[in-house]
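Heads up: the structure comes next, in structure tokens.
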Amino acid sequence: MKPTLRGRPGVFLTLEGGEGAGKSTLARGLAERARADGVDVVMTREPGGTAGAEAVRHVVLSGAAKRFGAFGEALLFAAARADHVRAVIRPALARGALVICDRFSDSTRAYQGAAGGLDHDIVHALERVAIGSTGPDLTLILDIDPHDAAERRHQRAGTGDRFEDEGTAFHTKLREAFRQIAKDNPQRCRLLDAAQSKDKLGAEAWRLVEGVLAARTMAARA
Ligand code: TYD
């Protein structure tokens, strides 16, 4: 298959935002819509996506690694990400798939960097080492008021995890961080209002994804 956008046949979409914004539901909806158009879709998530990365997920989200601080947690996320990129994301992009990843390196920038206080240069150095040139083509950032998001989480079953259990100040910083990432990366990121209805959000997101898929098809024909 001919290389297209960013020199590869596939499209790499990441979904980002705070807790309880509805990323997973949106990911499922986009995957379904794309598959209906005959697109080869790989759905994955971070931390996770490979056996090793899922083990790291368990360690970090249980809170067992909290004693290492933001730096140690960022190293663990980077280790999981490097494995995920090598074993799942790159091969899928190389064969022309649409990869939909629920969280990726912007989560490290926001959670361990902006909200966790980890130095910007360290965050970027780890990102470079973990992903190389395998960055997203499009990142949809779901923006929601942390109080509304907390309300949504309370309505869901289950208990909180390492980051859900952080206080309001942390979640407010996170929201600001994701908004800033969107502002600083206007070519790659789109900020979407996650408080709107699920259908409207899905339709808005699909228009953006469709645009990138169409650009890829045109580039492949050129
Ligand atoms: P998950 O249950 O997938 O959360 P959500 O449904 O909100 O996406 O848990 C992932 C948690 O890990 C989430 O709180 C964000 C956090 N995280 C980081 O702090 N840094 C990272 O690099 C990644 C990928 C996730």
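Whatever order the structure lists ligands and atoms in, that order sets their numbers, starting from 1.
- Salt-bridge annotation for Arg190 and Glu204: absent, with no side-chain N of the basic residue lying under 4.0 Å from a carboxylate O of the acidic one.
- Residue-to-ligand polar distances keep Glu46 apart from ligand 1: every N/O pair is separated by 3.5 Å or more.
- Considering backbone and side-chain N/O of Ser24, none are found under 3.5 Å from N/O of ligand 1.
- Atom 17 (N) of ligand 1 has as its closest protein heavy atom Phe77 CZ, 3.5 Å.
- No heavy atom of Arg45 sits closer than 4.0 Å to any atom of ligand 1.
- In terms of protein heavy-atom proximity, atom 24 (C) of ligand 1 is nearest to Arg81 NH2, 3.5 Å.
- Lys173 NZ: 12 or fewer foreign heavy atoms inside a 6.0 Å radius.
- Residue contact check for ligand 1: Arg57 places a non-hydrogen atom closer than 4.0 Å to it.
- In this model, a donor atom of one side chain and an acceptor atom of the other lie less than 3.5 Å apart for Tyr111 and Arg103.
- If you look at Phe12 and Phe104, their ring centroids are closer than 6.0 Å.
- At least one N or O atom of Arg103, backbone or side chain, sits closer than 3.5 Å to an N or O atom of ligand 1.
- Counting heavy atoms of neighbouring residues, nucleotides and ligands inside a 6.0 Å radius, atom CZ of Phe170 exceeds 12 of them.
- When all heavy atoms of Val212 and Asp137 are compared, the pair lying nearest together is CG1-CB, 4.4 Å.
- In this structure, the side chain of Arg35 engages the main chain of Val41 through a donor-acceptor pair within 3.5 Å.
- When hydrogens are left out, the protein atom nearest atom 11 (C) of ligand 1 is Leu61 CD2, 3.6 Å; that is the closest non-hydrogen contact.
- Among all non-hydrogen protein atoms, the one lying nearest atom 19 (O) of ligand 1 is Gln112 NE2, 2.9 Å.
- Ranking protein heavy atoms by distance to atom 6 (O) of ligand 1, first place goes to Lys23 NZ, 4.1 Å.
- With respect to atom 22 (O) of ligand 1, the closest heavy atom belonging to the protein is Thr108 OG1, 2.5 Å.
- Side-chain N or O atoms of His171 include one that pairs as donor or acceptor with a backbone N or O of Glu166 at under 3.5 Å.
- Each of the following atoms of ligand 1 lies closer than 4.0 Å to a heavy atom of Pro47: 10 (C), 24 (C), 25 (C).
- Under a 4.0 angstrom heavy-atom cut-off, Arg162 registers as lying outside contact with ligand 1.
- The 12-atom threshold is not exceeded at NE2 of His58, counting heavy atoms of other residues, nucleotides or ligands nearer than 6.0 Å.
- Among protein heavy atoms, the minimum distance from atom 13 (C) of ligand 1 is reached at Glu19 OE2, 3.4 Å.
- Across all non-hydrogen atoms, the minimal contact from Asp40 to Arg95 is OD2-NE, 2.8 Å.
- Closest protein heavy atom to atom 16 (C) of ligand 1: Phe163 CD1, 3.6 Å.
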